[in-house]
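Both ligands and their constituent atoms are indexed starting at 1 by order of listing.
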Amino acid sequence: MKRLLSLVAALGLSVGLASNALAAYPDKPITIVVPFAAGGPTDKVARDLGEVLRKGLNNQSVIIENVGGAGGTLGAAKVAKAAPDGYTLLLHHIGMATAPALYRKMPYNVMSDFEFLGMVNEVPMTLVGRTTLPANNFAELRKWIDANKGKINLANAGLGAASHLCGLLFQQSVAVDMTTVPYKGTGPAMTDLIGGQVDLMCDQTTNTTAQIEGGKIKAFAVSTAKPLTTPALAKLPTLDSQGLKGFNVSIWHGLYAPKGTPKAVLDQVNAALRTALRDPEFVKRQQDLGAVVVTDERLSPAEHRKFVEAEINKWGPVIKAAGQYAD
Ligand code: ASP
């Protein structure tokens, strides 16, 4: 009997410890892996989000770790293999859904190696170029492209990145092949575009708006079906209105955890995400950069999962038709 009682006591103690450990989550800094280099648009969203997310996570620091390369697949692979304890999360964009069609061998399975925590925002893209380009609007750019076939280069953040997808569709739409120059993220690509080392890039407004406003790059068009309302970008035509019918690319971001992260932790991060995305300063900062924070329904893990699956099915055939693969 005595032995039984001490066994119960020991069990009770360990159950108590386990629930205390969970209740204490998080009791140390949380890392959000950004699968692109620092200084780019995904990095920007993550850093802004990290500041507000911590409020719902016992005010623990949120550390951003940039793991760029291979269009976002290296960073995502790192999180897929990380301990499922809520201390390593991933902020990724549309590349989560486009990479599987672009790589013959993927280091993870998007639908089965991650927990879905909720979507964050939608961000348009802009077609931008170096200031030394002779073209000053899209019609002039189109003529310049036709006159310089075989000589044009287009920066991107690697196979599977949003800039790659947008650039691929753009080349297909104007029927001109360009030399793609891959970077670990569009942060460093932007430095080279400003420096005039590359000609063109398609990138999120969260990275391009300030550079366009500052006159450091030229902007030619937006990637969305409708023109934007952000003051700095409102005059830009859509690619669709410039003859590239049906061109419509919008970049979304979502938050993920490694598969197997405890439900209580997932619920807590999801709650922190919901609070963070309703923070007026965060919403305003996003709006100023052309981004739109998602509605409540899209913040549910189930909706996030459903959306990513639909995006994989939507982009797979488009990418396969464009025919660019990597091993
Ligand atoms: N904008 C990049 C892309 O092409 C990623 C980044 O650097 O945030 O996907």
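- Ion pairing between E65 and K78 holds under the 4.0 Å rule for side-chain N and carboxylate O.
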One pair to check against side chain to side chain donor-acceptor pair (under 3.5 Å): N207 and D203. What are the steps and the verdict?
CA-CA 7 Å; N207 194 25; D203 199 22; 2.7 Å; yes
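- Two different hydrophobic clusters hold L165 and V181 under the rule that ILVMFWY side chains link at heavy-atom gaps under 4.5 Å.
- If you look at ligand 1, the protein residues with a non-hydrogen atom under 4.0 Å away are F36, P41, T42, H93, A157, A161, A162, S163, G185, T186, D203, Q204.
- Residues satisfying the ring pair (Phe, Tyr, Trp, His ring centres under 6.0 Å) test with Y183, not counting sequence neighbours, are none.
- Between K306 and E309, none of the side-chain N atoms (NZ, or NE/NH1/NH2) sits under 4.0 Å from a carboxylate O, so this pair counts as no salt bridge.
- A tilted orientation is assigned to the rings of F36 and H93, their planes being inclined by 30° to 60°.
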